[in-house]
Number of protein chains: 2
Amino acid sequence: MPLTRLRPIEHLSQVDKIELRLQEYLRNEEFNPGDPLPKEMEIAKALGVSRTAVREAISRFKMLGIIESRRNRGMVIRRPDVLRNMQRVMDPRLLDGDTMKDIFEMRLVVELGLAHILFRRKTPEFIEKLESIARTEDGTTDRIDLLKLDVDFHSALYQMSGNETIIRFQRMLMPIFDFVDSVILQKPRMNQPLNIATHWDLIEELKGGTPTGFMHKMESHLWYFFEKI
Amino acid sequence: MPLTRLRPIEHLSQVDKIELRLQEYLRNEEFNPGDPLPKEMEIAKALGVSRTAVREAISRFKMLGIIESRRNRGMVIRRPDVLRNMQRVMDPRLLDGDTMKDIFEMRLVVELGLAHILFRRKTPEFIEKLESIARTEDGTTDRIDLLKLDVDFHSALYQMSGNETIIRFQRMLMPIFDFVDSVILQKPRMNQPLNIATHWDLIEELKGGTPTGFMHKMESHLWYFFEKI
DNA sequence: TTTGAAATATATGTCGTACATATGTCATAC
DNA sequence: GTATGACATATGTACGACATATATTTCAAA
């Protein structure tokens, strides 16, 4: 028998264990936002540990936004922000290449899937916004500026979805996108197909076309990236 | 001027402030995984606070997976898991309805956008897996079992994408999906269009069709949910 | 009786110290 | 040169003290 994985021991510190206990406590007791929690000393007594350790563990849940506390009022359950905690670790410097590739691919997937939502929620104002960006692009030649305008265009599409979670999701992943973009741009240019869809093509489809047609054009538009990853 | 929002004061505790300082410190110093951090006492001295407070703040980063520490070896920067921290707060009980609706909608978006990836990464084994599930469905009448099989079918599609982040994303959101599903099922049944695509239709398209056609069928398949939210 | 100010009780927030524990370093012995 | 043991050091845990904010009670004045 190979010793390949002979150290699944994972020295958990006292605080880590307390965190786990609290996690399962919160889940099992089925707390709702606003519900009060036991006092720090009561928890410490119940677990047989010091208040210091309990506070270190609870401090973690405070960061997650699950627990809130005020002087003499005790602690209560709070409604957390789903994306905030993912945001905290969204740093290209900390993530590995494979994860970033996955995330970038997911962006492409979302953008393709967005088509139907867009047709449902499009308004003249949003269309005008897109056209404004495209017009600015027509009068720009600087490569960096164009990259920035491209980001603006796609951001505007997300805005149009009206889905706050998707919008924030995109904004959160922006640092990763920028990073992958810069990596892709450094690679030698590959031969693009001539019939690649432009931003104007997307706008026209959005104005008078169909979701399927839009998706087709978007696929063409993103083709370049699909091939790269 | 209305007093609508005249209390943006947000009493930040000492520990919260330390957390912010450390966050900006980590960002500005451009740490990479493996890089060592100053000692707890040095940080405490530099910030003019107690070691206790510093430890409470650092404890938070340990939960995020950004910092790791070992006795006498000091603290080092670590590669965090992006989804783990989002997972922690993914509890239907803690989130509000609007957020869950957004998340559910995003699932639909992802599933539509998945089409191209699926055609690129499909294999006979995966197709067989899908057919196996569909066959089981044909021999099942119990409503709960069918719901579970439906989840299995779509999970298998995610698996097929080969994108680990997307797979985990779907798995993470499962509790929300279940919740929304149960809510939708409780509503009075709406009249479905007769030409709604079945799982078999999706499989056929996947075997001999095109990404666009698959997306079209998937759209039809998910139409019911689209209308509900 | 009502009102309002002061005293009191209480739970969290911060701090300092002491000690436990693991780990790296170094000297000593063979 | 290797092994053993002593020592130094940074984190981990615990305890006690006090600060601070807030709820509750007390009590005096209107």
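A note on names: the letters A, B, ... follow the listed sequences, proteins ahead of strands, and every chain is numbered from 1.
The side-chain contact (heavy atoms from CB on, under 4.5 Å) test applied to E40(A) returns R51(A), R55(A), M75(A), not counting sequence neighbours. Under the rule for a ring-ring contact (aromatic ring centres under 6.0 Å, His included), F126(A) has no partner lying at least two apart in sequence or in another chain.
The shortest distance between side-chain heavy atoms of E111(B) and H221(B) does not fall below 4.5 Å. Within the 4.5 Å cutoff, the side chain of V15(B) has heavy atoms near those of the R60(B) side chain.
Note on ring orientation: taking the six-membered ring where Trp is involved, the planes of F177(B) and F104(B) are perpendicular (angle over 60°, cut-offs 30° and 60°).
I58(A) has its CD1 atom 14 Å from the P atom of dA11(C), to the nearest Å. With rounding to whole Å, E68(A) atom CD is found 15 Å from dA11(C) atom C1'.
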Letter per nucleotide, 5' to 3', of nucleotides 12-19 of chain C [B base touched, S only sugar-phosphate touched, - untouched; heavy atoms, 4.0 Å]: BBBBB-B-

